[in-house]
2 protein chains.
Amino acid sequence: MRISDLSRSTGVSIPSIKYYIREGVLAPGDADGPNRSSYGEAHVARLRLIRGLIEGAGVTIAGVKQIVAALDGSMPLNDSFGVAQAAVPLAGRDAPVDPSSDAVERVLAVTEGIGRHHPAVPIAARALDTFAVVGEPLSEAWLARYAEAAAIVARADFDELEQRSDPVDQARIAAVGTALGDIVFQSLRRIAQATEGERRFPSPPASSSSPADTETAS
Amino acid sequence: MRISDLSRSTGVSIPSIKYYIREGVLAPGDADGPNRSSYGEAHVARLRLIRGLIEGAGVTIAGVKQIVAALDGSMPLNDSFGVAQAAVPLAGRDAPVDPSSDAVERVLAVTEGIGRHHPAVPIAARALDTFAVVGEPLSEAWLARYAEAAAIVARADFDELEQRSDPVDQARIAAVGTALGDIVFQSLRRIAQATEGERRFPSPPASSSSPADTETAS
DNA sequence: TGCAGTAGACAGTATCGCTATCCGATAGCT
DNA sequence: AGCTATCGGATAGCGATACTGTCTACTGCA
């Protein structure tokens, strides 16, 4: 399979494919000669993964590089999760502002064990601070329910993981699951918000004001 | 308060403040003269909100513009959620690929009511497709638990909302809560993954391999 | 009177994810 | 053997985003 076939069967342009190879997220083709390479199904699959992560989960090329490195060199399970966690853009990871210690306390109040030292703690705390700045500090109950939901999701992630026996499969699930799980959850949250909103504030028989319709905004 | 004071008390550079004013997300100062304006506490608060949304939640300037418009002109509650939902970058919103009908079915299977027509449905479905492409389709149980967690979060959001009586407060909570709730949840999910991972695969007394440590990757 | 500070306009910068073009080589057809 | 489409590889450019820097004209205050 030549590069043009690879391009045709994945919908990714040839320059983009070359770019991915250059960036090291896609393996070069097997060189049949000085300027003749052939690509296989592995390339098709990898390319689909790359596009899925970039388009579907907003992962950067640098993040994809880390994830595929985790897939290629099989690594301990916990580390796979860790790599994906570091690679997936948790918005706000590099804000320069320190969270208030009060907010950190609130996060730690719903957190146990090793999680207390997780780098996401200050990120969550900073988000709580931003809430407070807007003038509406959030209740403990709200945060506790978020933590409960997060625990459900984390258990689902690990249960899914344990259904696979091959450590390579597990690493893949961990890496990709962290990235795509975020967006699945965000989507379901928005859907649930719409459902719950409709339940609590049934809209008149009218037509034009469902949350869905605002998507048209630029 | 002059622009330099505003800059000093928020940590935002003067050119950035001018930029925000230019982009319409921050009100100009009250003009005392042709080149003399004064700024108040409202400007400080708004600026902190802007930085919080941009740095903390990854919202774009265009998204911030929509959110602050929702805050300034008070609008119906459902629409506030809708605006925030449209403004907050749900990664993968504009991927060109259609989801498989099978994936859409799976999402709809855990969705009810008005949510079935929500624009996030195809986004979630596309994420499921990407999972499948990597070779690891996810179980129904996994998705069902995600949906359960999303419902918990959505109910928490609305409960929080209903604690405020002022519709303006409600709009603010809805808009900001959608944006920042995403990142609070993502953070808590990562923390919960670390906790759950430690519970299921206790690491040896060693030191260097907690998921947290991988954050150092570029 | 002098100068720090201001508003406003506009051009420049850095990063990201491509995309376009050029080059020399060559496979495959005639 | 000759021709041409395509190839790999390299390098430069593009468009969007979020600033940042510079310039100008002006003005309040010491």
Side-chain angles (χ1 to χ4, degrees), chain A residues 1-8 10-39 43 47 49-68 87-89 91-96 218, chain B residues 1-39 43 47 50-68 87-89 91-96 218:
Chain A
M1 186 188 265
R2 284 172 290 176
I3 199 172
S4 54
D5 302 312
L6 182 59
S7 170
R8 218 167 297 118
T10 57
V12 180
S13 72
I14 291 177
S16 291
I17 293 172
K18 289 180 175 181
Y19 170 69
Y20 293 142
I21 293 172
R22 219 163 44 239
E23 292 297 315
V25 295
L26 182 67
D30 299 328
D32 303 334
N35 56 353
R36 207 87 189 155
S37 299
S38 53
Y39 303 83
H43 287 92
L47 214 33
L49 170 63
I50 293 168
R51 301 299 290 188
L53 289 173
I54 290 175
E55 287 182 349
V59 179
T60 63
I61 291 287
V64 172
K65 205 181 299 188
Q66 293 173 48
I67 291 176
V68 301
V88 176
R93 68 203 175 289
D94 44 32
S218 129
Chain B
M1 188 188 268
R2 285 171 290 175
I3 199 172
S4 54
D5 303 313
L6 181 60
S7 171
R8 218 169 297 118
S9 63
T10 57
V12 180
S13 71
I14 290 177
S16 292
I17 293 172
K18 289 181 176 181
Y19 169 69
Y20 293 141
I21 293 172
R22 221 163 42 240
E23 293 296 315
V25 295
L26 181 67
D30 299 329
D32 303 331
N35 57 352
R36 206 94 188 147
S37 299
S38 53
Y39 304 83
H43 287 91
L47 214 33
I50 293 167
R51 299 301 290 187
L53 289 173
I54 290 175
E55 287 182 350
V59 179
T60 63
I61 291 287
V64 172
K65 205 181 299 188
Q66 293 172 48
I67 291 176
V68 301
V88 176
R93 67 203 176 288
D94 43 33
S218 132

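Every chain is numbered from 1 and lettered A, B, ... according to where its sequence line falls, protein lines coming before strand lines. This is a predicted model, so every value here is computed, not measured.
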Are [X] and [Y] side-chain neighbours, meaning at least one heavy-atom pair lies under 4.5 Å?
X	Y	answer
A:I54	A:Y20	yes
A:D5	A:R8	yes
B:I14	B:S4	yes

What is the distance, to the nearest angstrom, from the [atom1] atom on [X] to the [atom2] atom on [N]?
X	N	atom1	atom2	answer
A:Y39	D:dG9	OH	C1'	10 Å
A:E55	C:dC16	CD	C1'	15 Å
B:M1	C:dG5	CE	P	16 Å
A:D5	D:dT6	CG	C1'	11 Å
A:D30	D:dG8	CG	C1'	14 Å
A:Y20	D:dG8	OH	P	17 Å
A:I21	D:dC7	CD1	C1'	12 Å
A:L26	D:dG9	CG	P	12 Å

Quick one: [atom1] on [X] to [atom2] on [Y], what's the gap to the nearest 0.5 Å?
X	Y	atom1	atom2	value
A:L47	A:L6	CG	CG	5.5 Å
A:K18	A:S7	NZ	OG	11.0 Å
A:T10	A:I50	OG1	CD1	9.5 Å
B:R2	B:R36	CZ	CZ	5.0 Å
B:S13	B:Y19	OG	OH	11.5 Å

Report, one pair per line, the protein and nucleotides 26-30 of chain D atoms (nitrogen or oxygen only) whose separation is under 3.5 Å.
| unit_1 | atom_1 | unit_2 | atom_2 | d |
| --- | --- | --- | --- | --- |
| D:dC26 | O2 | B:N35 | ND2 | 2.8 |
| D:dT27 | O4' | B:N35 | OD1 | 3.3 |

Side chain B:H43, main chain B:L26, donor-acceptor under 3.5 Å: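 Looks like no, no N/O pair under 3.5 Å.
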List, with names and distances, any nitrogen or oxygen atoms from the protein found under 3.5 Å away from nitrogen or oxygen atoms belonging to nucleotides 20-23 of chain D.
| unit_1 | atom_1 | unit_2 | atom_2 | d |
| --- | --- | --- | --- | --- |
| D:dT20 | OP2 | B:S13 | OG | 3.4 |
| D:dT20 | OP2 | B:S16 | OG | 2.8 |
| D:dT20 | O4 | B:R22 | NH2 | 3.2 |

Selection from C:dA7, D:dG8, C:dC18 that lies nearest to any side-chain heavy atom of B:S37: C:dA7
